[in-house]
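Data block below; observations after.
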2 protein chains.
Amino acid sequence: MKTRGIEASLREQGLRMTRQRKILLELLEQSGAHLDAEHLYRLARERDPKLNRVTVYRTLKLLKDSGLVDELDLMHWEGEAHYYETRMKQEHAHVVCLRCGKVEEFYGEPLRRMRRQIENHLGFQVLMVRTEAGGYCSHCRVLRAREMEQAAEGARVRNARRTKR
Amino acid sequence: MKTRGIEASLREQGLRMTRQRKILLELLEQSGAHLDAEHLYRLARERDPKLNRVTVYRTLKLLKDSGLVDELDLMHWEGEAHYYETRMKQEHAHVVCLRCGKVEEFYGEPLRRMRRQIENHLGFQVLMVRTEAGGYCSHCRVLRAREMEQAAEGARVRNARRTKR
DNA sequence: GTTAGTGCAAACCTTTTGCAGCTCT
DNA sequence: AGAGCTGCAAAAGGTTTGCACTAAC
């Protein structure tokens with residue numbers, strides 16, 4: 001959804017498209033990445049140094065409640081911040097590397113099928129589904145194995161020392 | 001996994017099974033429900049009034065990092081608290097009613113299939129998958145429709161008043 | 001006797017709230 | 001005028017940290 005479309009959505013709800021909201025929406029759309037409130041705030045201040053952190057939070061809440069952006073946790077990869085993305089794309093899962101923080105998106109039939117099954121089996125009217133996976137990306141998997149090996153080595157040394165004494 | 005099994009897991013990592021941890025683990029297992037830190041703390045204090053809130057947090061973190069319990073957000077239904085459940089059961093999704101807060105669990109093939117696809121397509125080693133859906137349960141769906149109707153009615157009245165003036 | 005774990009107080013970080021002033025319409 | 005919106009300061013909510021003391025191994 002373009003900023004235009006979002007503006008229309010806001011208007012329908014009797015809400016206004018202010019200078020601040022325009023800045024925040026543009027940043028959210030440009031950045032393909034997943035921004036958290038603080039990051040978004042810093043970017044926004046580059047365009048308008050007076051823009052307040054509170055406005056960022058209020059805007060994000062508004063957009064979230066209007067269903068215009070989705071809120072993610074990314075498996076709490078570093079801290080409790082929430083990440084936001086505009087709701088333009090197809091439903092997808094987020095896969096986070098717990099070592100390097102890389103985020104990949106996963107599209108696929110199982111997601112849609114799950115939504116349908118939840119609706120049919122549980123009688124829920126599903127408004128949002130959030131699927132997040134945590135693990136190690138192909139790159140970090142190797143490095144991780146090496147790290148574990150070294151940790152085990154360290155433990156062996158420590159144990160040996162203890163036994164000797 | 002029984003408390004026994006968890007105790008063994010802790011021991012393997014050179015960790016200790018203290019009175020406090022035993023209490024917390026038992027509570028987590030007994031309660032089929034999804035407890036948050038505060039709730040767990042209150043229950044724990046009934047058994048040991050001196051047990052500190054900080055210990056609850058530290059224990060939960062420990063168990064989470066050891067992969068012995070899973071951490072949920074339940075779509076941030078009321079606040080930012082995290083909910084915990086022991087990792088005994090099969091992989092499942094949590095479906096939260098955004099009106100009454102009821103939580104249902106969903107088991108099914110799509111979940112397992114999704115995990116496999118993420119591993120195959122993205123080359124990730126998946127350690128945890130968390131799927132949460134938000135919506136309205138069959139009961140609240142009806143009530144919700146009624147509420148929306150009343151809200152719309154209210155808006156009509158307000159608009160009429162404004163136009164008249 | 002070591003090392004891990006606990007309790008207490010205080011800090012921390014993210015997010016929300018109250019309120020006066022501003023700005024669209 | 002009247003509603004929505006912003007900025008500022010202050011509070012809230014959930015969680016973590018530093019440190020001295022205690023308990024498990």
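Proteins come first, then strands; the chains are lettered A, B, ... in the order of their sequence lines, and each starts at number 1.
- In this structure, a donor-acceptor pair under 3.5 Å is present between the side chains of B:R45 and B:Y41.
- Nearest nucleotide to the A:R21 side chain, out of D:dC5, C:dT15, D:dG18: D:dC5.
- Contact record, B:A37 with B:V56: O-CG1, 3.7 Å, taken as the closest heavy-atom pair.
- With B:R47 as the fixed residue, the side chain to side chain contact (heavy atoms under 4.5 Å, CB included) test singles out one of B:E26, B:Q20, B:K22: B:E26.
- Of the two residues near DNA chain C, A:E38 and B:R19, the one whose nearest nucleotide lies more 5' is B:R19.
- Between A:H39 atom NE2 and C:dT14 atom P there is a gap of 13 Å when expressed in whole angstrom units.
- Every salt bridge (Lys or Arg N to Asp or Glu O under 4.0 Å) that A:D73 has, sequence neighbours left out, goes to A:R130.
- Between B:Y136 and A:Q125, the side chains place no donor N or O within less than 3.5 Å of an acceptor N or O (distance only, hydrogens not considered).
- Atom CG in A:L63 sits about 11 Å away from atom P in D:dC5, given to the nearest Å.
- Residue B:K61 places none of its side-chain N or O atoms closer than 4.0 Å to OP1 or OP2 of D:dT15.
- Rounded to an integer number of Å, the gap from A:M17 CE to D:dG4 C1' is 14 Å.
- Proximity of residues 48-56 of chain A to DNA chain C (heavy atom under 4.0 angstrom from any strand atom) is restricted to A:R53, A:V54.
- In this model, the phosphate group of D:dG7 is approached by a side-chain N or O of A:Q20 to a distance below 4.0 Å at OP1 or OP2.
- One finds a side-chain N or O of A:H82 lying less than 4.0 angstrom from the OP1 or OP2 phosphate oxygen of C:dT15.
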> How does protein reach along nucleotides 20-25 of chain C, written 5' to 3' as B (base within reach of a heavy atom under 4.0 Å), S (only sugar-phosphate), or - (no contact)?
Replying inline: ---BBS

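- Heavy-atom minimum distance, A:R16 versus A:L10: O-CD1, 4.4 Å.
- Look at CZ on A:R47: it is 19 Å from C1' on D:dT6, rounded to the nearest Å.
- In this structure, A:L24 places its CG atom 12 Å from C1' of D:dT6, rounding to the nearest Å.
- Of the listed nucleotides (D:dG4, D:dT15, C:dT6), D:dT15 has the atom at the smallest distance from the side chain of B:A37.
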> Do B:R42 and B:E46 pass the salt bridge (Lys or Arg N to Asp or Glu O under 4.0 Å) test, and can you show the C-alpha distance, the side-chain angles, and the key distance before you say yes or no?
Replying inline: CA-CA 7 Å; B:R42 267 181 269 132; B:E46 290 176 12; over 6 Å; no

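- A donor-acceptor pair under 3.5 Å links the side-chain atoms of A:H92 to the main chain of A:Q90, judged by distance alone.
- Rounding to whole angstrom units, NZ of residue B:K22 and C1' of D:dC25 are separated by 13 Å.
- In this structure, the side chain of A:E85 does not engage the main chain of A:D70 through any donor-acceptor pair within 3.5 Å.
- Counting only residues at least two apart or on different chains, the side-chain hydrogen bond (donor to acceptor under 3.5 Å, both in side chains) pairs with a member in residues 95-107 of chain B are B:H34-B:E105, B:K89-B:E105, B:R99-B:E147, B:E105-B:Y107.
- Among residues two or more places apart in sequence or in another chain, the side chain to side chain donor-acceptor pair (under 3.5 Å) test is passed with A:E109 by A:R112, A:R116.
- As a whole-Å value, the separation of B:D73 CG from C:dT15 C1' is 15 Å.
- End-to-end axis angle for the helix from C:dG1-D:dC25 to C:dT25-D:dA1, using five pairs per end and rounding to 10°, comes out at 30°.
- Between the side chain of B:E132 and the backbone N or O of B:L74, at least one donor-acceptor pair lies under 3.5 Å.
- For A:Y57 and C:dT16, the shortest distance from a side-chain N or O to OP1 or OP2 is not below 4.0 Å.
- The CG-P distance, from A:D36 to C:dT14, rounds to 8 Å in whole Å.
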